[in-house]
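Single-structure report; data block below.
No experiment lies behind these values; they were computed from the predicted model shown. Every chain is numbered from 1, with letters handed out A, B, ... down the list of sequences.
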Amino acid sequence: MKKENIKNSGSLLNWIDYRLPIISMLKHSAVDYPTPKNLNYWWNFGSLAGFFLLVQIITGIILSMHYTAHVDHAFSSIEHIMRNVNHGWLIRYVHMNGASFFFIVVYIHIFRGLYYGSYKAPRELLWWLGIIILLLMMATAFMGYVLPWGQMSFWGATVITNLFSAIPLIGESIVQWLWGGYSVDNPTLSRFYTLHFLLPFLIVGVVILHIVALHTHGSNNPLGIDRKGPQDSIPFHPYYTVKDFFGLGVALTIFFSVVFFAPDYLGHPDNYVPADPLKTPAHIVPEWYFLPFYAILRAIPDKLGGVIAMFSAIFVLFLLPWLDTSKVRSATFRPIYKILFWIFAIDAIILGWIGSKPAEGTYIIIGRLATSYYFLHFLILMPLLGYFEKTKPLPSSISKPVLAE
Amino acid sequence: MKKKLFFIILIFLFCKLGFAASDVTKPMNYKFSFDGLLGSLDKNSAQRGLQVFTEVCASCHGLKHLAYRNLEDIGYDKNQINNIAKQFLVDDIPDENGEIKKRNAIYSDNFVDPYPNEEAAKAANNGAYPPDLTLIIKARKDGANYLRSLLLGYEDTPEGFDVGEGYYNKYMPGKIIAMPQPLYGEDIEYQDGTNPTLEQEVIDVVTFLTWASMPELEKRKSSGIKVVIFLVVMTFFFFLSYRKIWKEIK
């Protein structure tokens with residue numbers, strides 16, 4: 001009906017669309033796009049992640065106009081932004097906390113995928129693109145944290161880049177190549193700045209692919225069953241646009257409460273001390289979103305082993321579509337997986353907590369147990385579960401979920 | 001059930017996963033004027049704090065990220081600020097002979113450091129560098145309480161504890177501090193006639209340094225209230241629209 005109107009009216013939009021079909025493309029993928037009618041609030045986090053990516057890019061570009069990437073000036077230029085640039089403090093606090101919130105929503109988005117089996121056929125590549133986005137985000141966030149050139153910037157960069165020295169034979173050369181010298185110094189800072197500026201745009205590219213892959217087979221849904229016909233779908237607009245706006249409102253309220261009332265809560269006070277290569281902080285901790293992986297790194301008593309374990313913790317996600325042998329997607333119908341999912345979520349939180357603690361005493365033991373469980377979950381439990389778990393009967397369609405009970 | 005889990009996860013994510021525990025004594029809690037959602041800076045206290053800073057702290061510590069013009073925030077006018085600034089000397093630009101002379105600091109200059117460089121500062125202080133104080137409140141965990149506790153926390157060294165060339169202070173990580181007790185009370189004559197007890201001097205200087213660390217604090221909190229109220233109302237309307245639009249879907 002609406003489509004006909006656009007076609008027949010001699011409007012400017014129609015004129016443009018006839019020559020460059022951006023309007024109909026948008027209409028196809030953001031207005032008419034048929035979406036399962038039963039998505040719950042956990043499906044809000046994908047669009048929220050996109051929103052925070054946009055926030056980071058916009059605030060980042062403004063910050064880059066005032067920031068100086070030089071070891072002698074970086075720290076002062078941040079203070080210049082905080083004190084002299086109009087609303088500079090607001091823009092920087094939004095950027096700082098925006099990174100944290102980007103990770104919060106992305107982690108929830110990932111856990112939603114894990115719970116509802118969104119990685120299973122035919123969405124394996126959609127899942128892969130998501131993991132690539134996560135890896136790019138981690139690289140971007142790590143390099144961004146180096147830019148203020150505080151104590152944690154410097155020592156975090158030193159610890160993380162040194163991980164590559166664990167690679168046999170060529171490790172040392174790789175680290176020097178990354179640094180552009182013999183320690184973390186000015187060449188390191190300026191290349192990190194360049195890459196920190198570049199990578200977000202690569203993320204945008206992968207996000208577009210992620211959305212193309214998503215729209216090829218459509219969203220998964222809480223029941224994890226395929227749609228049987230048009231009665232199972234509703235158009236994206238207005239139903240999910242308004243729901244996403246509501247979710248965005250909630251997220252922004254929490255986000256700006258932190259930005260305005262506790263802007264440094266998620267950061268580390270040591271990063272307000274200028275970098276000093278001669279003075280190592282008592283405990284070097286990465287930003288909170290890296291803590292689970294930091295715990296895995298330190299759980300292995302061998303440097304190379306630790307590095308391999310840390311990277312495997314993410315790369316194992318690529319194999320998940322095949323490690324999970326169950327035919328049923330949603331945990332709603334998988335009584336044992338549902339429990340294992342929550343144990344895994346708690347395990348991830350324990351790893352995060354251990355990552356913030358010094359590697360000593362009981363913390364080491366807890367860290368090792370939690371790390372073992374992390375891999376046990378993916379490599380042993382997930383494959384076996386598909387064979388042994390007795391799943392509940394699936395409903396015949398999204399419109400008639402009652403039959404399942 | 002799901003809602004509960006959602007909140008549990010949120011709480012976990014927002015809990016700062018506490019940083020490494022150590023044997024440092026936790027700072028004493030004090031309710032400062034700037035604490036809380038609606039807290040605002042006590043400007044008289046901040047002005048007295050500037051006096052404490054100038055007469056005591058400034059002989060060793062700098063405030064290099066702060067400019068004299070910033071003092072307008074705590075209630076000084078341009079003339080008063082120029083009078084404060086002109087007590088200090090800064091390098092002028094090279095004159096026509098290429099010589100660099102000193103001139104009096106003005107309104108637009110940054111606070112002048114007490115030492116020409118870090119090495120000079122160390123040489124004058126037994127090898128310990130008195131840190132710049134512009135960001136000291138943000139650079140320490142629970143900064144305002146920490147600094148207040150530290151300045152009030154000088155005690156006699158317990159028996160058998162070796163402080164070397166430093167002083168005993170249980171609030172300092174490692175319990176040894178290179179700085180001798182800077183404030184004792186009655187060591188300043190306040191321009192506004194306030195009784196200069198030790199507690200008063202410490203609260204004033206902490207208030208001043210909190211402002212120096214976070215000059216945006218008042219503006220941030222007052223706009224924060226407006227922004228959050230706006231967002232709550234906006235979200236409520238989104239919620240109503242959501243309910244209305246979804247009513248027909250079952």
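Counting heavy-atom pairs closer than 4.5 Å to chain B, the top residue among A/P263, A/A262, A/G247 is A/P263. By number of non-hydrogen pairs under 4.5 angstrom with chain B, the leading residue of A/F103, A/F261, A/F75, A/F111 is A/F261. Contact count against chain A (heavy-atom pairs under 4.5 Å) is highest for B/I225 among B/N70, B/I225, B/L66. For the set B/M234, B/M214, B/R69, B/R243, the count of heavy-atom pairs under 4.5 angstrom toward chain A peaks at B/R69.
Expressed to the nearest 0.5 Å, how far CZ of A/F260 lies from CG of B/L37 amounts to 13.0 Å. Rounding to the nearest 0.5 angstrom, the gap separating the OG atom in B/S213 from the CZ atom in A/R83 is 7.0 Å. Here the OH atom belonging to A/Y93 is positioned 5.0 Å from the CZ atom belonging to B/R220, to the nearest 0.5 angstrom. Atom CD1 of residue B/I249 and atom OH of residue A/Y239 lie 4.0 Å apart, to the nearest 0.5 angstrom. Note: B/H65 NE2 to A/H80 NE2 = 13.0 Å, rounded to the nearest 0.5 Å.
There is no contact between A/N38 and chain B, counting heavy-atom distances below 4.5 Å. Proximity to chain A is limited to the side chain of B/V227, based on heavy atoms less than 4.5 angstrom apart.
Within a 6.0 Å sphere centred on CG of A/N86, heavy atoms belonging to other residues, nucleotides or ligands number 12 at most. Summarising the local packing, NZ of B/K31 is surrounded by more than 12 heavy atoms from other residues, nucleotides or ligands at distances under 6.0 Å. For A/Y289, the OH atom sits in a packed shell: over 12 heavy atoms of surrounding residues, nucleotides or ligands are nearer than 6.0 Å.
The aromatic rings of B/Y242 and A/F246 sit parallel, their planes meeting at an angle under 30°, below the 60° perpendicular limit.
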Is there a side chain to side chain contact (heavy atoms under 4.5 Å, CB included) between A/L252 and B/F230? Walk through the geometry before answering. CA-CA 11 Å; A/L252 283 181; B/F230 170 79; over 6 Å; no
Working note: B/K138 + A/N271, criterion side chain to side chain contact (heavy atoms under 4.5 Å, CB included); need CA distance, chi angles, decisive distance, verdict. CA-CA 9 Å; B/K138 286 213 271 191; A/N271 229 26; over 6 Å; no
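For the pair A/V250/B/F239, no side-chain contact is recorded, criterion being any heavy-atom separation below 4.5 Å from C-beta on. Residues A/E79 and B/T134 are not in side-chain contact: their nearest non-hydrogen atoms beyond the backbone lie 4.5 Å or more apart. At least one side-chain heavy atom of B/K219 sits under 4.5 Å from a side-chain heavy atom of A/H87.
In terms of heavy-atom proximity, A/P238 sits nearest to B/I245 at CG-CG2, 3.9 Å.
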